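Given the structure is predicted, the values throughout are model-derived calculations rather than measurements.
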Amino acid sequence: MGRTSSLSDIPFNESLNDFGTERYVNGLIKFIENSSAPITIALQGEWGSGKTSLMNRLERVLCTYEDSQFVGIGINTWEYSMLSSPEETVFKIIERLVKELSQNDGNTKKTWNKYLKKIKHATYRGLYEGVKMIPGMAIAVGAANVPSDYKDKEEIVEDITLSDLRVSLETAVNNLIATKNKKGVIVFVDDLDRLNPPVAVEILELLKNVFTLDHCIFILAIDYEVVVKGLEPKFGNLTDHNEREFRSFFDKIIQVPFSLPVNNYRPMDFILKSLVDIGYLNEFDTTNPNVRSIFTTIVESSVGKNPRSIKRLINTLSLLDCIDSCGSTNKKETSLDEKILNFIVVAIQICYPKIYRMLSQKPGFTTWDAAFASKMGVSMDDEEDQGAVVDESKEQEVQWEDIIERVSSTDAFLSQHLNDVITLLNLILEVLSKTNQTSPEQVSEKMKKILDKSSVTGINSGLTNENFDKKTFMGKLHQNIINRIQELRPDIKKWQLKRNTGNGGIYIWYDDKNYINTTFTPSINAKNKITLRLWLHLEIKRPDRLKGKSYEEIMQEKPLADALAKLDELMVPLLDKKTWFFHGRTYEDNPTYFKSYRDELRYVIEMGWLPNHVANNPQFWVDLDKPSHFEEPQIIDTIAKVLIANHDFRKQLKDWQ
């Protein structure tokens, strides 16, 4: 069987449980087979823990085989809630259940249709005599005798009560199981935890009060926490004083709660097999106890035992692997250590996005200090020290672990997983130590490569393309840049702005006929920053005498060498890492941007990409946190000077042949 690229998030439907909890599942099956109906069983577990997979397994074993003892009816409550009000959702679910139970019984269908005329499109004032109103909804389980708003004027509608419908349904159920020679009917009600909790509670109460039918077993996928949230409009917030009321409601509806044995899941066999299936690991590596141990540590410190999170982690790795394999003509075998590092970073990205964003801002986490914490909006001062003069020596004492701890202190989830986050980051250092790559520079360089690779699968909050008004941004930028150029160089007389489509740029003439054509492209990058691409116009054709010449030979041309040196007087300081907002282009075989334009030019010429030119049209980027930051004088001045340098370069070489 060939390699697969992903795992489906469709719930498991295999005959075997993937996470090693077979005895629990078999025990539940045995219990259901020997249960006296009616009975209601709740499958409990957090979102993504496998409730639907278990429900599929139960339906397969108990209802689909020839010798199965039960007729199965499946109801996905989420499907019925789409584009429906809460009232309509409840009604659609009841209607589906009635139709399924009465599938071969004409009398029940007739009774239901008559009953339907009493309640459909009305205010649903009642479904069960003598039972109180269900909180939060316009359905009362009171009088069933509601006239239809849609009956013909001449039509006489019979009085059909819920009791009549119940008797008819019980007859239909008896006929159904007798015809099919079954013991009973199992109704599987899924995805209640995806509904608004009050609606889920309303459905629970209706199922209990309306359809407690002989020979029927209800299996519901719902967690107690959902019930708690759904009852808060009725009982208030859960406290020690009212907890019994919440529990009593749940116990009256649910006779048997079954909590998915997540703590007993053994996911590593599944994970390692899946990593082999997607081609991320080879099978031999998974037999190494040390490899299994380190992957186990990563999983336990991140996605844990939640099947949905595990699948997402594996699928993300597979996508990144596919992208990586398509990005190079020189296929290089990725080392096991590289794969472990990628696995750790993607695990952090999925489970701890706040920490991942901090890594994206400064990949070299071993150099995080108080200044970086402040930049990220994290105060490292104790409450009693706030307002005091900052002690610079104290800043240097702050360690990355301290910053993680302070960030986690304001986030309940991170606070619970503080040790897990620190474990993962220490594991990165442990892997790097195998090849002596633990200096701050080496950690930063390695982490930047990995983070750049994983950025395409990140989920960014904050500014998005939808709320970034590019036209307004470009309009202000155009005018500010031109104003600054005119201030710096009054001798530049002729220019023209490009049409503002959300992108832009400027034409600047350096003689009567010739001009430079620069392009501006704003966007939001993977680090959730506003990034402005400056596409310069430095392209100069090669004279015939330089065709086939090397970079060194080309640089023997003094006019060209002088013009490039003049250009780099501006570019070198900008490309220095101290100018944090400005950077150049990286290439696959050269993952860090060059320190000068001449260094980049040497690279592209040596790669054979400029057979007919001695200079290309390079790209540079300005990255800032907010659109308003591009209105700062330093930024306007920088961009204007880059365009002026481009103008002067082309003007200086206009007569060079």
Side-chain angles (χ1 to χ4, degrees), residues 1 4 6-80 93 96-97 99-101 103-104 173 176-194 207 213 215-223 254-262 264-267 269-270 273-274 277 305-308 310-311:
M1 182 178 178
T4 182
S6 68
L7 303 178
S8 173
D9 195 37
I10 296 174
F12 291 131
N13 201 21
E14 292 85 354
S15 59
L16 291 178
N17 186 282
D18 286 287
F19 285 177
T21 55
E22 197 68 8
R23 68 188 182 95
Y24 296 96
V25 176
N26 288 335
L28 180 58
I29 291 171
K30 184 176 181 180
F31 174 83
I32 295 171
E33 288 176 333
N34 295 284
S35 292
S36 297
I39 190 171
T40 303
I41 300 170
L43 305 182
Q44 299 186 87
E46 66 178 11
W47 192 70
S49 60
K51 295 190 295 294
T52 300
S53 296
L54 176 56
M55 192 170 278
N56 288 345
R57 174 81 189 283
L58 296 175
E59 184 172 12
R60 173 192 286 271
V61 173
L62 294 168
C63 305
T64 61
Y65 299 127
E66 288 187 9
D67 59 348
S68 297
Q69 299 183 48
F70 299 93
V71 175
I73 296 174
I75 298 177
N76 187 303
T77 57
W78 176 250
E79 292 179 2
Y80 289 104
I93 290 170
R96 164 70 189 279
L97 187 56
K99 288 183 177 180
E100 289 293 330
L101 289 173
Q103 54 186 291
N104 294 314
V173 169
L176 178 63
I177 61 178
T179 301
K180 294 183 176 291
N181 193 27
K182 302 294 183 181
K183 178 180 178 179
V185 175
I186 301 179
V187 180
F188 299 92
V189 184
D190 197 11
D191 278 342
L192 281 165
D193 54 359
R194 295 180 69 181
L207 290 173
L213 303 173
H215 307 297
C216 287
I217 297 174
F218 284 86
I219 298 180
L220 316 176
I222 190 167
D223 194 64
I254 307 298
Q255 285 77 57
V256 180
F258 178 87
S259 296
L260 272 72
V262 176
N264 297 94
Y265 283 0
R266 299 192 302 274
D269 287 338
F270 171 80
K273 178 181 181 300
S274 298
D277 289 343
K305 299 177 179 181
N306 185 292
R308 180 169 284 120
I310 288 170
K311 289 179 182 178

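Put simply, the side chain of Glu33 reaches to within 4.5 Å of the side chain of Leu62, judged on heavy atoms. With contacts defined as side-chain heavy-atom distances shorter than 4.5 Å, the pair Ile219/Leu58 qualifies. For the pair Val185/Ile73, a side-chain contact is recorded, criterion being any heavy-atom separation below 4.5 Å from C-beta on. For the pair Leu220/Leu43, no side-chain contact is recorded, criterion being any heavy-atom separation below 4.5 Å from C-beta on. In this structure, the side chains of Lys180 and Leu176 come closer than 4.5 Å at one or more pairs of heavy atoms. By the 4.5 Å heavy-atom criterion applied to side chains, Phe70 and Lys182 are not counted as neighbours.
Here Ser35 contributes atom OG and Lys30 contributes atom NZ; the two are 12.0 Å apart, rounded to the nearest 0.5 Å. Note: Ile217 CD1 to Phe31 CZ = 8.5 Å, rounded to the nearest 0.5 Å. Lys183 NZ to Asn181 CG: the interatomic distance, rounded to the nearest 0.5 Å, is 13.0 Å. Atom-to-atom distance recorded for Cys63:SG and Ile186:CD1 is 4.0 Å, nearest 0.5 angstrom.
Of all the heavy atoms in Ile177 and His215, the pair that sits closest is CD1-CG, 3.8 Å. Nearest heavy-atom pair, Asp190 versus Met55, reported as atom, atom and distance to 0.1 Å: CB-SD, 3.7 Å.
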Practice prompt. Go through the steps to decide whether Arg57 and Val61 satisfy the test side chain to side chain contact (heavy atoms under 4.5 Å, CB included), and finish with yes or no.
Written response: CA-CA 6 Å; Arg57 174 81 189 283; Val61 173; 3.9 Å; yes

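More than 12 heavy atoms of other shown residues, nucleotides or ligands fall within 6.0 angstrom of atom CG in Asn34.
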